[in-house]
Amino acid sequence: MNGQGAPPYVEVAVPLGVRRTFTYRLPLAIGNAAQVGARVRVTFGKQQVTGYIVALHDELDRALEVDAREVREIEELIDAEPLITPEILELTRWISDYYLAPWGEVLKAALPAGANARIERVLAITTEGRDELARLPERRALTLKAQLLRMLAEQGPMTVRQAQRTLGTARVARILAELERAGWISIKHQAQNAAARAKRRKFVRLAPIEEHAAPDAARALTAAQTRVIEALIAADGELPFTELTERARASASTIATLERKGIVKIEAREVRRDPLAGVELPPLPDIELNRAQREALDQITAALDQRRYAAFLLHGITGSGKTEIYIRAMRACLEHGRSALMLVPEIALTPVFSRRLRAHFGDRVAILHSSLSAGERFDEWMRIRRAEARVVIGTRSALFAPVQDLGLIVVDEEHDTSYRQQESPFYHARDAAVMRAHKERATIILGSATPSLESFHNAQTGKYRYIHLPERVGGRPLAQAEVIDMRAVFARRGREEALSDELLEALEETLARREQAIILLNRRGYANFILCRACGERIGCPQCDVTLTYHKRERALLCHYCNFRRRPPARCPMCQSQHLHLVGEGTEKIEDLLQAHFPRARTARLDRDTTARRRAYEQTIMRFAAHEIDILVGTQMIAKGHDFPKVTLVGVVSVDAGLALPDFRAAERTFQLITQVAGRAGRGDRRGRVLIQTYHPEHYAIRFACAQDYANFYRHEIEYRKAFGYPPFFALASLLIQDDDLGRAVKRAEKLRRALDRANRDHNCRLLGPAPAPIARLRGQHRIQILAKARRRASLRSLIDLALAETDDLDRVSVEIDPLHLM
DNA sequence: AGCACGCCGACT
DNA sequence: GTCGGCGTGCTC
């Protein structure tokens with residue numbers, strides 16, 4: 001221990017593919033300022049990285065297995081106040097352990113993008129450098145080295161990045177080492193918090209009258225200047241700079257002139273970037289809860305009162321009023337003086353809900369999601385960190401919001417797949433949220449109209465408390481679903497058509513009644529692929545094992561995996577034949593077909609192609625809600641959320657493609673999709689119709705989805721999975737090897753497989769499938785999947801741990817353990 | 001992730 | 001004879 005009593009050693013997690021922490025020594029200059037949860041800059045190997053202090057040590061004890069000589073010093077303490085709270089530190093430690101992810105990477109993912117410090121090299125000229133500069137003859141002053149030295153001498157120290165901006169990237173890189181070796185410049189590493197600054201904004205206000213410079217100032221005003229002053233007076237004397245220029249139709253120089261005259265003052269002030277600024281808040285209806293809702297809420301608030309961990313699965317059909325329960329539970333949580341966190345799959349889909357939260361909780365709401373700018377996100381994050389915001393709504397990564405005194409977590413649409421992070425660090429936000437609630441003695445509500453099988457299973461086994469809301473608010477009837485057997489349609493017509501007579505007739509009726517319809521087809525583009533009738537060639541992606549989808553409006557063939565794009569050929573690339581045939585249909589074609597059938601109806605399309613533009617999704621939804629659109633065609637994104645009272649017809653064009661996917665959850669996904677979209681119909685007074693076109697009317701996922709019969713679907717799905725040995729009776733791990741070289745991919749897979757076999761001797765796990773073989777090529781990467789299952793998750797995890805320790809290939813293998821057996 | 005160390009093929 | 005391929009192992 002040193003004199004101040006500060007532990008001289010710190011344990012640091014680095015955000016790299018290493019699954020251990022490392023011990024560093026605190027230099028005297030930092031002394032006892034270092035705290036757990038602070039970021040540090042350390043030399044790791046040869047590189048400079050941002051690490052995170054995860055523990056302090058008084059001495060190097062033997063358990064650390066480090067030689068004092070090997071311990072390096074911390075280079076820089078980035079935070080005087082730790083950014084990472086003890087709760088988040090503990091949560092990330094658990095995630096790192098549970099999902100076999102490097103702790104440092106999890107910590108990095110837990111901080112808002114703007115707060116992850118970049119390490120920059122800072123250049124400064126030395127005394128020798130100045131001497132050299134003075135010695136340089138004038139005619140040589142234009143060499144690159146001289147330019148850099150002069151710049152540093154005149155402008156002071158700057159980052160390599162800044163120097164490169166002026167002098168060129170490659171050119172600067174070439175001379176740096178040489179200048180340093182000559183001793184003319186110094187290069188120091190420094191952590192830069194660039195993006196994480198508070199936003200400053202310029203405001204203009206009228207100066208008090210006695211400060212006006214000249215008594216005749218008013219006479220000298222130009223027309224533009226007068227407009228500026230009038231605008232300011234109208235706004236009670238103050239406006240943001242940019243808003244003033246707009247309102248007064250004045251330029252910045254006009255305002256500058258007024259400032260010189262002393263008539264206005266310009267000042268920069270810190271402002272909060274508010275993602276909800278300027279939105280209209282909806283009036284708050286005073287909704288009376290029905291009996292089922294009241295009972296559900298009572299159970300939840302009772303758990304909140306106890307301040308102990310409690311988990312609920314809230315299984316409420318669409319329209320049963322789950323949202324109202326969330327809001328009341330949050331309110332109850334706030335009344336206890338605690339904070340609430342709500343996770344949603346995709347915040348763009350909940351603009352209405354975000355506003356409602358704001359209307360309820362005002363400034364105490366913070367919003368976190370990926371399309372916020374780094375600055376906005378950082379501001380919201382800091383408001384949470386400082387406990388100014390006590391209600392947080394956000395997508396997957398909001399799980400890590402540094403919420404103080406967490407009392408309630410709500411995971412809406414808990415079955416949604418976007419809670420699963422698909423890249424390192426791999427984790428499932430819903431399950432990690434359950435763990436967070438557990439650790440922080442909070443109540444958690446998992447809500448869905450179509451619970452995931454694993455959550456329902458957990459509710460059945462008593463791990464979660466089950467609350468069922470089987471009825472719609474106000475006793476409105478559920479839509480009645482009808483299956484249309486497309487084989488019969490084909491037999492009748494003798495040719496293939498995307499839209500059945502039944503669906504066309506139903507559309508006709510709906511339009512005649514001036515009501516609205518939703519048509520779902522979970523495939524974008526115009527045609528599935530292009531087939532050569534002469535030689536059978538299907539035009540595929542050069543990078544992936546899939547066919548290219550034809551997009552008519554863009555006149556392009558697109559790969560939906562890697563976004564590869566090419567122009568549709570006039571002739572077959574293989575045999576030069578002109579007999580190219582468009583096979584299958586996507587949303588684009590359905591839209592065309594509908595326009596042809598119903599030329600007077602107003603149709604619109606909603607899929608990833610039409611919503612690439614920011615806010616396009618919201619605009620279309622608003623137009624549909626205002627009945628400016630009669631028929632809305634779209635992919636699964638139209639199946640979520642939103643009340644459209646005038647929608648009385650939902651058509652599902654083809655659900656069969658989803659059933660054929662090589663995914664053991666294919667039936668579950670199809671069931672969920674149909675159920676979700678069926679919930680869109682008949683929310684008003686009229687009972688809605690749902691027409692489902694399929695070539696497999698006997699499939700249980702379709703049958704039970706039409707009957708809105710979750711319990712029976714669940715039983716069948718369990719049987720099915722049992723037969724294949726899939727969850728929920730087993731924990732399933734998927735190890736994905738990806739490599740751009742096929743031979744290498746196979747080699748690595750074989751090696752990993754051998755390691756698993758060896759490690760498995762006493763683990764009671766079963767490796768599924770034959771010897772490793774490539775399953776697909778996507779984005780140029782050959783993929784090989786190894787599946788392992790076990791009765792207990794823990795044994796599966798330790799097996800993988802052992803195998804990976806043996807191959808040390810973890811950073812190049814993605815591990816996904818089916819998140820079933822939690823805790 | 002980077003980077004060094006080390007052991008086998010095609011070249012000045 | 002050497003340059004360079006990437007397999008393997010390590011980073012406090």
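We name chains A, B, ... by the order of the sequence lines, and we start the count at 1 in each one. The basis for the numbers below is simple: all heavy atoms, side chains too, and nothing from hydrogens, waters or symmetry mates.
- Put simply, CZ on F22(A) is 8 Å from C1' on dC10(C), counting in whole angstrom units.
- The pair E454(A)-R430(A) meets the salt-bridge criterion, with a side-chain N (NZ, NE, NH1 or NH2) lying under 4.0 Å from an Asp/Glu carboxylate O.
- Y24(A) comes within 4.0 angstrom of the backbone, heavy atoms only, and of no base.
- The CZ-C1' distance, from R20(A) to dC10(C), rounds to 9 Å in whole Å.
- Within the 4.0 angstrom heavy-atom criterion, no nucleotide atom of any strand lies near T21(A).
- At least one side-chain nitrogen or oxygen of K46(A) sits closer than 4.0 Å to the OP1 or OP2 atom of dA4(B).
- Rounded to whole Å, the distance from CZ on R72(A) to P on dC10(C) is 16 Å.
- One finds a salt bridge joining E380(A) and R383(A) here, because a Lys/Arg side-chain nitrogen approaches an Asp/Glu carboxylate oxygen to under 4.0 Å.
- Taking atom CD of Q47(A) as the reference point, atom P of dC3(B) lies 6 Å away to the nearest angstrom.
- Taking atom CZ of F44(A) as the reference point, atom C1' of dA1(B) lies 9 Å away to the nearest angstrom.
- T395(A) places no side-chain N or O within donor-acceptor distance of the main-chain N or O of H369(A), the cut-off being under 3.5 Å.
- In this entry the distance linking CZ of R41(A) with C1' of dC12(C) reads 16 Å, nearest Å.
- With respect to the salt-bridge test (charged N to carboxylate O, under 4.0 angstrom), the residues K145(A) and E178(A) qualify.
- Going from atom CG of L16(A) over to atom C1' of dT11(C) covers 9 Å, rounded to whole Å.
- Regarding E11(A), its CD atom lies at a distance of 14 Å from the C1' atom of dT11(C), rounded to whole Å.
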